[in-house]
Structure formats: structure tokens, C-alpha cells
Q: 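First the structure, which I've put down as C-alpha cells, then a few questions once you've had a look.
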Number of protein chains: 2
Amino acid sequence: MAPTSRDIAREAGVSQSTVSRAMRGDARVTVETRHRVAEVADRLGYMPNRSAQSLKSRRSQTVGVVVADLRNPYFLEIVDGIQDELNLAGYRSFLVTDRLDFGRGTELVDVLGGSVDGVIFASSRSADEAPIRLASRGMPVVLINREIERQGFDRVLSDYGMGGILAARHLHELGHRRIGLITGPSSLAVFRDREREFRRVLAEFGTPFDERLRREGLYTHQVGSQWCADLMRRPDPPTAIFCADDVVAFGALDAALQLGLRVSDDLSLMGYDDIEMAAWEMFSLTTIRQPMGDMAREAARLVLQRIGGLAMDEEPQRRVYAASLVRRASTGPAKTEPLDDGST
Amino acid sequence: MAPTSRDIAREAGVSQSTVSRAMRGDARVTVETRHRVAEVADRLGYMPNRSAQSLKSRRSQTVGVVVADLRNPYFLEIVDGIQDELNLAGYRSFLVTDRLDFGRGTELVDVLGGSVDGVIFASSRSADEAPIRLASRGMPVVLINREIERQGFDRVLSDYGMGGILAARHLHELGHRRIGLITGPSSLAVFRDREREFRRVLAEFGTPFDERLRREGLYTHQVGSQWCADLMRRPDPPTAIFCADDVVAFGALDAALQLGLRVSDDLSLMGYDDIEMAAWEMFSLTTIRQPMGDMAREAARLVLQRIGGLAMDEEPQRRVYAASLVRRASTGPAKTEPLDDGST
DNA sequence: CGGGCGAATGACTACGTATGCAACAATAAG
DNA sequence: CTTATTGTTGCATACGTAGTCATTCGCCCG
């Protein structure tokens with residue numbers, strides 16, 4: 001049905017080899033031959049068979065990208081950045097969500113294995129098994145914002161500890177003393193790092209974190225909304241809440257509206273990531289920014305390096321990106337309690 | 001480096017054919033043989049080479065999915081639905097955004113051609129060239145919410161005309177007589193259909209559309225925000241605006257907030273699609289719902305049918321889904337003008 | 001007890017391309 | 001006019017697997 005390089009060769013009066021070379025822009029082919037081949041190929045609607053190309057050249061020119069759930073814009077911005085960089089290098093990306101693959105990660109290995117030249121894990125959900133199994137088969141693997149005990153992975157990380165510090169300082173400076181925390185799954189190192197530093201700073205300021213104001217869950221709107229409502233219905237509600245990410249903060253904002261609270265006046269809200277939407281007027285969310293785009297592009301560059309021949313036993317790379325505070329309107333001075341400079 | 005089926009065969013003391021059959025669960029292989037092969041494969045970390053499989057079986061078990069821009073949740077919900085259905089059938093999806101490929105669509109053909117068994121176009125941006133070229137090469141193509149003159153494509157459509165009617169009725173019933181319209185690119189049939197019906201209904205009600213209240217642009221937050229501000233700064237601003245989609249409505253809402261307008265009281269806003277976010281308390285957006293998930297799954301089913309052998313010259317399928325009104329808090333009765341039942 | 005039959009497996013080839021190597025033509029140098 | 005050289009092209013092969021056909025073996029039935 002579909003014409004092959006042999007068909008093109010016959011029609012153009014050259015050999016199949018020449019067609020192959022002409023299509024790939026090999027300089028050893030005369031300009032006129034190249035033109036003739038191109039003309040015939042176009043006329044017959046020839047498309048090189050990717051499978052055959054990959055089989056022969058042992059490269060699929062494709063990198064697997066694993067994210068937890070595209071519904072969270074955090075992942076979108078990462079996917080976007082990766083694609084930009086991969087496309088520049090002539091590579092394609094094969095996007096996989098492990099939403100359905102919650103537990104074991106074996107299916108993930110089957111889907112990716114043998115069809116990509118490398119994999120970038122931006123997911124924080126799937127078990128550690130998938131990256132380890134892939135890497136042990138010689139597949140280049142890069143992790144974004146993800147810690148795995150096993151060594152040997154290239155990693156791109158945002159400094160979540162620093163994020164926790166910046167958030168704690170900001171809220172404390174505004175005078176908040178009762179601060180709620182809605183954090184992500186504590187199985188993930190990034191959330192543990194952030195929480196640890198957040199609490200450390202608060203304690204240093206002399207206002208240790210109140211355990212009863214802690215909530216944990218997935219980073220979804222639903223979770224933010226539910227826990228925020230839960231926290232604010234307490235007899236002693238917090239005056240500020242630090243959320244797992246921006247989407248969770250939107251959920252919290254939603255709950256606050258439903259409870260008739262004015263954000264910033266009655267309740268300060270902080271998010272994390274600084275996704276595009278956080279800047280929308282209606283949210284105007286104070287948040288901790290991590291440069292998702294830069295990190296994603298760096299991850300793509302790292303995986304391309306490994307694919308390009310950088311031996312697997314070369315020193316694993318580790319790139320850490322600083323976090324920064326983005327002040328907007330969702331946080332404001334605490335009203336109910338007097339300002340009390342607790343710094344030592 | 002990576003073990004092949006031959007390596008497994010040697011190690012397990014069987015032939016390569018048997019390994020192939022065992023891996024694919026062929027019933028003709030003894031249970032014990034299958035187990036032995038599976039054990040060896042697992043031990044050596046064998047992964048079948050997808051390229052070789054595809055080359056031999058002439059199927060990649062992959063369907064290309066083309067969307068304009070993942071940043072719009074409308075596309076996300078479609079991608080999600082497609083993936084659900086494809087995964088059920090053991091197919092994978094290869095996601096491509098044609099964001100960078102604005103004009104010609106040839107690059108798109110190169111990326112998809114020869115590597116997928118079928119393509120679903122949910123994009124409304126790229127030129128008509130890509131689907132036509134792919135189809136002319138015998139590739140099954142399904143279009144979602146997209147009209148192309150050329151016949152022979154399976155299509156899944158939402159009834160945009162009906163959406164326009166529902167919106168016009170709703171706003172008119174609320175008493176609005178000065179209604180703004182921020183629509184999508186008029187190069188797209190769906191937007192033309194909707195606008196035509198929208199205007200027809202308004203005219204029938206005796207309150208023809210005021211051309212000066214029409215704006216057009218891409219379906220982005222930015223566009224909604226900009227045009228809404230533009231419309232509301234007029235000496236005779238509209239009392240309601242019907243937006244191209246929900247994201248545009250969010251932009252409009254943003255602008256309204258910035259201008260100090262109260263949504264629903266000072267200005268009614270309607271979106272289109274009913275993406276998940278539209279139900280968030282802070283938006284509570286009245287909108288026209290189209291069942292993106294159902295449509296996406298149907299599109300997947302259609303493309304799988306064609307791949308499964310339904311001849312290309314079989315009657316092209318055409319599935320039209322009804323639109324429905326979802327009333328929420330962003331629309332309310334017009335205040336400034338007296339209710340005037342213009343119905344005949 | 002032998003012929004035949006079915007179940008299980010093995011040998012072999014083709015899928016469409018990339019690529020090393022040989023062949024060839026054209027040109028330059030001797 | 002011969003030989004070396006450079007630049008183009010053709011030939012042949014291998015990539016790893018699926019599937020066709022052939023083979024083996026055990027078993028049932030006549």
C-alpha cells in the first residue's frame with residue numbers, strides 16, 4: 001500500500017541506498033539526484049517507515065516523558081519546556097501519564113521500554129521501581145524534583161527547602177502566628193524537605209508550628225478546598241495557610257470564598273510553583289516560584305547528553321535551582337494578633 | 001547491549017519463535033514453557049523491541065493525537081478521554097501539539113507519518129493540509145470539532161449552532177439587550193456556526209446584535225481579558241458578554257475585576273465548553289457544555305474501527321453531540337434596562 | 001501394534017531501512 | 001596515455017521480531 005524507498009528508487013531510476021541517503025540529506029548525493037528523489041517521493045506520497053529506521057539505526061529519536069497528571073499546570077509547563085528543547089535537537093517526546101499506574105510502575109516500563117532512547121521522570125507519584133528498572137537496562141533516565149535513594153540518576157531539582165524558608169519568613173514578617181499547612185504526600189522527598197525547613201524557621205522565630213493545623217493530601221483543587229474549609233471551621237482557625245502548590249491554593253481560595261472569608265484580610269494564602277494562572281487578577285496569588293521551564297529544558301539537555309554517548313558511568317549530574325518569593329495580593333498583614341517581632 | 005529474543009531463547013533453551021509466542025501470550029505455548037521464558041526474560045531484563053515489532057507486524061499500536069495547545073483545559077479533557085479509550089484497546093497515543101506548526105502542517109505530516117496507525121485531530125489551528133495529506137496516504141483520520149471541505153473523514157462534532165442558540169436565549173431571558181461577543185477565529189467553522197445562530201436568535205427576539213460589540217481572537221485568557229476591558233470602557237458597554245470559551249471568560253472575568261465591576265450584577269459572563277474549572281466557586285461560570293470526554297472516547301473508537309479493518313471507502317461516520325446550558329452564578333438579570341419581552 | 005492425528009516447538013524468511021564496501025565515472029596529475 | 005584521486009552510486013547485509021511452514025513427539029483408535 002504505502003510506497004517504500006524501493007518504490008521511490010525504481011521510479012526515480014536510482015538505487016534504494018541513494019533514496020535513503022537523499023532523504024536524509026546526505027552530502028554525498030548530487031543536488032540534481034536529490035531533487036529528483038524528492039520530487040518522486042513527494043509525488044508518490046512517500047514517508048520513511050519510522051519503525052524500520054529505528055530498528056536499523058538503533059535510535060528512535062524519541063524521549064519518554066512521564067508526568068503524574070496533566071491536569072495540574074505545573075506538569076504542563078514542564079512538558080512544554082521539555083518539548084521545546086527536544087524539538088530543537090530533532091527529537092520527539094512520548095508523553096505518558098502514570099495516573100492509572102499508581103502502584104507498581106511495571107506497566108510503565110513495558111510502555112516505554114524498547115521504544116524510547118531515554119526517559120525523563122517529572123512524575124512524583126509512580127513507585128521508584130520504573131526508573132530503576134529502566135536505568136538498570138541501560139536506559140538514560142533523568143529525574144525532575146524527585147529523589148530516589150539509588151544513585152546514578154541525573155537529577156534536576158528545585159530547592160524546596162529554600163522554598164519552605166522563604167514562605168515561613170514571609171508569613172512571619174506579616175505577623176502571622178497561627179499558620180496552617182496543607183502539604184503534599186509526605187512520601188515525596190520534596191514535600192518533606194520543604195516542611196522541615198518551614199517548621200525549622202518558624203521554631204527559630206519562636207512560634208513553633210501547631211501540629212493541629214497540618215493537613216496532607218494530593219495536590220488537587222479538591223484537596224485544597226476540603227482541608228481549607230476543615231481548618232477554618234476550627235474554633236481557633238489559622239490566619240494564614242501555606243499550600244502544597246498553586247492549584248491547592250486555588251482550592252483553598254475557593255473554600256474561603258464559600259465560607260465568606262476575604263482572602264488576605266481574613267486569611268492569607270500562599271501557593272507554590274508560580275504557574276501562569278497564579279498571576280491572574282482574580283487569584284493574585286503570593287507563591288514560591290520555581291523555574292519549571294528552565295528546569296525542564298535542562299532535563300532535556302541532560303538526557304540528550306546521555307543519549308549522545310555520555311557514558312552511563314560518568315558522574316551523575318545534579319542541578320539545583322533556587323526558589324524565590326513572588327508577592328501578590330493573597331497574603332497580607334495578620335490582623336487579629338498584635339505584631340510581635342519574635343526574632344532573636 | 002540490551003538482550004533480544006534470541007538471547008532469551010538461548011538462555012531458556014527454546015527457539016526465538018517460542019520466545020516471541022510466549023511473550024505475546026500465544027495459547028499454543030505450554031504453560032511451563034511460558035513460565036520459563038517469562039522467568040528468563042525477567043531475569044535478563046528483556047524488553048521486546050517495539051520498532052522490530054512494528055516493522056514486522058505492520059502496526060505501531062499507536063494513534064497520533066493532534067491538539068493546538070495543551071494549555072487550554074478543553075484540549076486536556078479531550079486528550080484524557082482519548083487516552084482512556086485507546087488504553088483499553090491496548091493502544092498508545094502519541095501526542096503532538098501544532099503550536100509551533102502554525103502554517104503549513106507539513107512538519108506535522110513528517111512527525112506522524114509512518115509512525116502511527118491513525119490520527120485524531122482535535123486541533124483547530126493547523127491548516128487543513130495535514131489531515132488531507134495523511135488521509136490521502138491511506139491513514140485513518142478522525143476530526144473532532146473540525147470541518148474540512150474534503151469529504152471522507154470520520155467526524156465527531158458538538159452542535160455549536162445549538163450552543164449559540166442556548167446562549168442567546170439564556171441572556172435574552174435574563175433581560176440583556178446589549179450583549180457583547182468575544183468569539184474565536186472566524187476561520188473555524190465551529191465559531192462561525194455558533195455566531196450565526198447566536199445572531200439569528202437575537203434578531204428573532206427583535207434585538208439584533210450590535211456589530212460594535214463584536215471582538216475576535218484566539219481562545220486565551222489574555223484575549224478575553226483584553227477585549228472585555230475594551231468593551232467595558234466604551235461609552236455604551238454591554239451588560240453581558242458571550243465568550244469564545246471558558247478560558248476566555250476567565251480572562252473577561254479578570255478584566256471585570258480589575259475594572260471594579262461585579263460579575264453578574266454589573267456584567268453577566270458566559271463561557272463555552274464547561275471545563276472542570278468552570279465549576280470552581282470563584283468562577284461559578286455559566287456556560288454551554290459540550291461533552292468533551294464522550295466525544296473524545298467516540299473519536300478513539302472510530303479511529304480504532306478504521307484501523308481494525310473498516311475499509312476507508314466505507315461511509316464516513318459523523319457523530320453530533322448536543323450542547324446544553326449550565327447555569328451558574330456568572331450570569332444574572334440585566335439591571336440597567338427594563339425587562340422587555342421582545343418575543344413575538 | 002501401526003497408522004494417523006493433534007499439540008508443541010523449531011527453522012526460516014521478510015518487514016523497510018541504514019550503512020560498509022565495492023564499483024564506477026570523471027578529473028587531475030605524472 | 002596511464003594512474004591516482006575524488007566524488008557518486010549500487011550491492012549486499014543486518015537490525016529484532018512475527019508468522020508460515022515443517023518437524024517432532026506422544027497418544028488414541030482401529
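Here the structure is a predicted model, which is why all the values come from computation and not from measurement. Protein chains get the first letters and strands the later ones, always in sequence-line order, with residue 1 at the start of each.
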Q: Counting side-chain heavy atoms from CB outward, which of dA18(C), dT9(C), dA18(D) is closest to R24(B)?
A: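 Closest nucleotide to the R24(B) side chain: dA18(D).
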Q: Does the salt bridge (Lys or Arg N to Asp or Glu O under 4.0 Å) test come out yes or no for D26(B) and R28(B), once each step is laid out?
A: CA-CA 5 Å; D26(B) 192 310; R28(B) 294 176 304 175; 3.3 Å; yes
Q: Which residue, R28(B) or R28(A), contacts DNA chain D at a nucleotide closer to its 5' end, judged by nearest heavy atom?
A: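 Its nearest nucleotide being more 5', the pick is R28(A).
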Q: Strictly by modelled atom types, are T18(A) and S15(A) linked by a side-chain donor-acceptor pair under 3.5 Å?
A: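 T18(A) vs S15(A): donor-acceptor pair found between side chains.
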Q: Within this structure, what is the CD-to-P distance between Q16(B) and dC15(D), rounded to whole angstrom?
A: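 Value for this atom pair: 13 Å.
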Q: Return yes if the base of dG16(D) and the side-chain atoms of R58(A) contain a donor-acceptor N/O pair under 3.5 Å, otherwise no.
A: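 By the distance-only test, no, there is no pair.
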Q: Out of dC15(C), dT9(D), dT17(D), which has the shortest distance to the side chain of Y46(B)?
A: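 Output: dT17(D).
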Q: Rounded off to whole Å, could you give me the CE-to-P distance for the M23(B) and dG19(D) pair?
A: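 Roughly 15 Å, once rounded to whole Å.
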Q: Check every strand shown and say whether V19(A) touches a base, only sugar-phosphate, or nothing at a heavy-atom separation below 4.0 Å.
A: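 V19(A): no heavy atom of the nucleic acid under 4.0 Å.
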Q: Quick one: list whatever passes side chain to side chain contact (heavy atoms under 4.5 Å, CB included) with T4(A), sequence neighbours left out.
A: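 Testing T4(A) for side chain to side chain contact (heavy atoms under 4.5 Å, CB included), a comparison that skips the adjacent residues, returns R6(A), D7(A).
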Q: Tell me which nucleotide among dT20(D), dG10(C), dT17(C) gets nearest to the side chain of R6(A).
A: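 Nucleotide nearest to R6(A)'s side chain: dT17(C).
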Q: Taking CZ from R59(A) and P from dG16(C), how many angstroms apart are they, rounded to a whole number?
A: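 R59(A) atom CZ is separated from dG16(C) atom P by 24 Å.
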Q: Does S5(B) put a side-chain nitrogen or oxygen below 4.0 Å from OP1 or OP2 of dT17(D)?
A: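 So the side-chain polar atoms of S5(B) do come within 4.0 Å of the phosphate oxygens OP1 or OP2 of dT17(D), strictly under.
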Q: Are Q53(A) and dT17(C) close enough that a side-chain N or O sits under 4.0 Å from OP1 or OP2?
A: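 For dT17(C), OP1/OP2 do not have a side-chain N/O of Q53(A) under 4.0 Å.
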Q: Output the single nucleotide from dG16(C), dT9(D), dA18(C) whose closest atom is nearest the side chain of V29(A).
A: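 Taking heavy atoms from C-beta onward, the closest nucleotide is dT9(D).
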Q: Quick check with a 6.0 Å cut-off and a 45 degree axis cone: is R92(A) positioned over the face of F94(B)'s six-membered ring?
A: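 Yes.
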Q: Suppose we call a contact any N or O donor and acceptor under 3.5 Å apart; does that hold for the side chain of R21(B) and the base of dG10(C)?
A: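 Side chain to base: pair found, below 3.5 Å.
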Q: Considering only heavy atoms, which members of residues 30-45 of chain A lie under 4.0 Å from some atom of DNA chain C?
A: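 Nucleic-acid contacts, sorted: none.
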Q: Over how many whole Å does the gap from L55(B) atom CG to dT17(C) atom C1' extend?
A: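 In whole Å, dT17(C) C1' lies 8 Å from L55(B) CG.
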Q: Among the candidates dT17(D), dA18(D), dT17(C), find the nucleotide nearest to the side-chain atoms of P48(A).
A: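 The nucleotide sitting nearest to the side chain is dT17(C).
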Q: On a plain distance test, is the side chain of S17(B) in donor-acceptor contact with the base of dA18(D) below 3.5 Å?
A: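 Side chain to base: no pair below 3.5 Å.
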Q: Is the phosphate of dG10(D), meaning OP1 or OP2, less than 4.0 Å from a side-chain N or O of S15(A)?
A: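 Yes, S15(A) has a side-chain N/O under 4.0 Å of OP1/OP2 on dG10(D).
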Q: Do we see a donor-acceptor contact under 3.5 Å between the side chains of Y321(A) and N145(A)?
A: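 N145(A) and Y321(A) do not have a side-chain donor-acceptor pair below 3.5 Å.
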Q: Is there a donor-acceptor contact under 3.5 Å linking the side chains of D154(A) and Q305(A)?
A: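 No pair is found: no donor N or O on one side chain lies under 3.5 Å from an acceptor on the other.
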Q: With heavy-atom distances below 4.5 Å as the criterion, would you say the side chains of N72(B) and Y219(B) are in contact?
A: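 Yes - at least one pair of side-chain heavy atoms lies under 4.5 Å apart.
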Q: Starting at the 5' end of DNA chain C, which residue's closest nucleotide do you reach first, T18(B) or S20(A)?
A: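 Checking each residue's closest nucleotide, the 5'-ward one belongs to T18(B).
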Q: Are S20(B) and S17(B) close enough that a side-chain donor and a side-chain acceptor fall under 3.5 Å?
A: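 No, no side-chain donor-acceptor contact under 3.5 Å.
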Q: What is the distance, rounded to the nearest whole Å, between atom CG of N49(B) and atom P of dG16(D)?
A: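 Checked: the CG to P distance equals 7 Å.
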